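Have a look at the structure below before the remarks.
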Amino acid sequence: MVVSPYCTIGPFFPASFVGGHDDLTHFRGGTARGQHIVLSGRVLQEGGVPTRNTILEIWQPDANGIFSSCPDADPGFSGWGRARTDAEGWYRIRTVVPGSYGDRCPHANLMILAIGLTHRLVTTVFFADDPDTVRDPVLDCVADVAARRRLFARRENAGEYRFDLILRGENETPFFLD
Amino acid sequence: MPGSRIDYKPYDDNTQLARYIDRYPLSFTRTPLAPLVPRPLTLSERTGPIASDQFALGPMDLSRAAADAPRATGQLIQISGRITDEDGSPIPNAVVEIWQANSAGKYIHDADRHNAPVDPNFTGEGRLMTDAEGQFQFFSIKPGAYPVLESGWWWRPPHIHFSILGRSWMDRFVTQIFFPGEPLNETDLLLNAVPDRDVRERLIFQFEGTSMGEVNAMGFRRDFVLRGRRQTPELD
């Protein structure tokens with residue numbers, strides 16, 4: 001059977017579908033184990049212009065590197081979340097530092113859904129103190145060293161990580177074939 | 001683990017909208033310049049938040065706030081369909097989110113500057129989960145057309161937005177579905193950003209006739225095929 005055609009999310013995604021999903025650390029009455037952090041940043045387009053009113057979704061393993069679709073995952077951690085960028089292009093998500101597992105370095109999958117984009121854009125944000133020493137089968141697909149470094153969240157203060165997504169132009173974020 | 005055995009191929013551009021659309025506001029400024037990077041699919045991409053939140057199975061009625069509340073203005077419609085993967089296997093427990101303009105072409109959203117009236121009986125949004133056969137059913141009001149104000153010429157034909165959370169990160173799906181026979185369908189930048197008529201038909205509801213009885217509604221159906229195919233048959 002032929003896959004259905006994607007189309008843009010447009011400008012009118014309901015606020016109620018976003019509300020509450022930007023906190024992954026409290027789920028079904030429980031509280032997530034591990035280090036609670038705020039992952040925030042700006043989504044920018046050509047010319048460094050803020051990409052406002054854009055939906056960002058996240059999917060990541062828990063602090064022990066287990067996905068919430070797995071029976072032994074942390075029951076207090078959601079694994080999935082959603083946020084909307086404000087007028088300055090900022091998004092903000094409460095989550096935990098993801099654990100590593102197998103050959104995967106700590107990471108979270110991110111998706112951008114926006115007016116102007118007929119398809120979603122997908123990328124992966126990585127968490128590590130020294131990006132240049134990290135080996136990861138998805139990260140290693142990005143050959144350019146400067147582009148690789150742009151896939152790492154920057155630790156700013158205790159519990160605060162910054163990750164900007166530049167959709168087009170200088171310092172463009174690498175996005176993966178989807 | 002659910003979904004971890006399923007293979008996902010990249011979207012085939014021949015069956016999808018163009019990624020860049022001339023004259024579509026913001027299409028240019030947001031489309032990456034660099035080629036998209038091929039990557040292997042690991043457990044991380046093959047899993048997803050299926051049923052991480054629980055929603056009602058439906059049918060869900062967007063046309064009124066409660067069973068005894070007044071109906072929103074406009075033509076009552078029934079929207080139904082079934083969600084499967086590429087093998088035709090149903091996807092149960094998929095989260096289906098829909099949103100739409102009211103019958104005058106107005107959304108309840110802070111980004112909507114169109115001066116059409118708000119209908120106090122219509123929020124234009126609903127969320128449910130598919131049943132064991134992958135089926136969903138909503139009642140709603142047929143949406144109106146509306147102008148894209150910043151374009152200076154473009155009017156959107158009546159359409160309903162769908163957002164589907166399926167089995168994994170890979171089959172996460174968002175689209176818009178149009179109504180058959182609408183004159184504005186011929187000029188819509190999005191609907192016409194597809195290479196052929198067969199593909200376009202997959203973005204248009206099928207009219208399923210009218211129902212008579214307790215609920216009098218026009219029926220519209222659209223089935224969805226999410227990306228994903230089994231690499232190997234289930235062993236058990």
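This one's a predicted model, so the numbers in the text were calculated from it and none came from an experiment. Letters go in sequence order (proteins before strands), and every chain restarts at 1.
Cation-pi geometry between R168(A) and F28(B) is met: the NZ or CZ atom falls under 6.0 Å from the ring centre, inside 45° of the normal.
Taking the six-membered ring for Trp, Y11(B) and H119(A) have ring centres closer than 6.0 Å.
When each of I112(A), L44(A), L117(A) is scored by its heavy-atom pairs under 4.5 Å with chain B, the top score falls to L117(A). Considering only heavy-atom pairs separated by less than 4.5 Å from chain A, the leading option among L26(B), V194(B), V174(B) is V174(B). For chain B, the option among R52(A), H107(A), Q45(A) with the highest count of heavy-atom pairs below 4.5 Å is Q45(A).
Heavy atoms closer than 4.5 Å to chain A are found nowhere in L41(B), neither backbone nor side chain. Neither the backbone nor the side chain of A101(B) comes within contact range of chain A, judged by heavy atoms closer than 4.5 Å. Neither the backbone nor the side chain of T123(B) comes within less than 4.5 Å of any heavy atom in chain A. Residue contact with chain A, scored on non-hydrogen atoms closer than 4.5 Å, is absent for R200(B). Looking at Y24(B), only its side chain comes within 4.5 Å of chain A, counting heavy atoms on both sides.
Contact check on E46(A) versus R30(B) returns no salt bridge, with no Lys/Arg side-chain nitrogen under 4.0 Å from an Asp/Glu carboxylate oxygen.
Rounding to the nearest 0.5 Å places CH2 of W59(A) at 14.0 Å from CE of M170(B).
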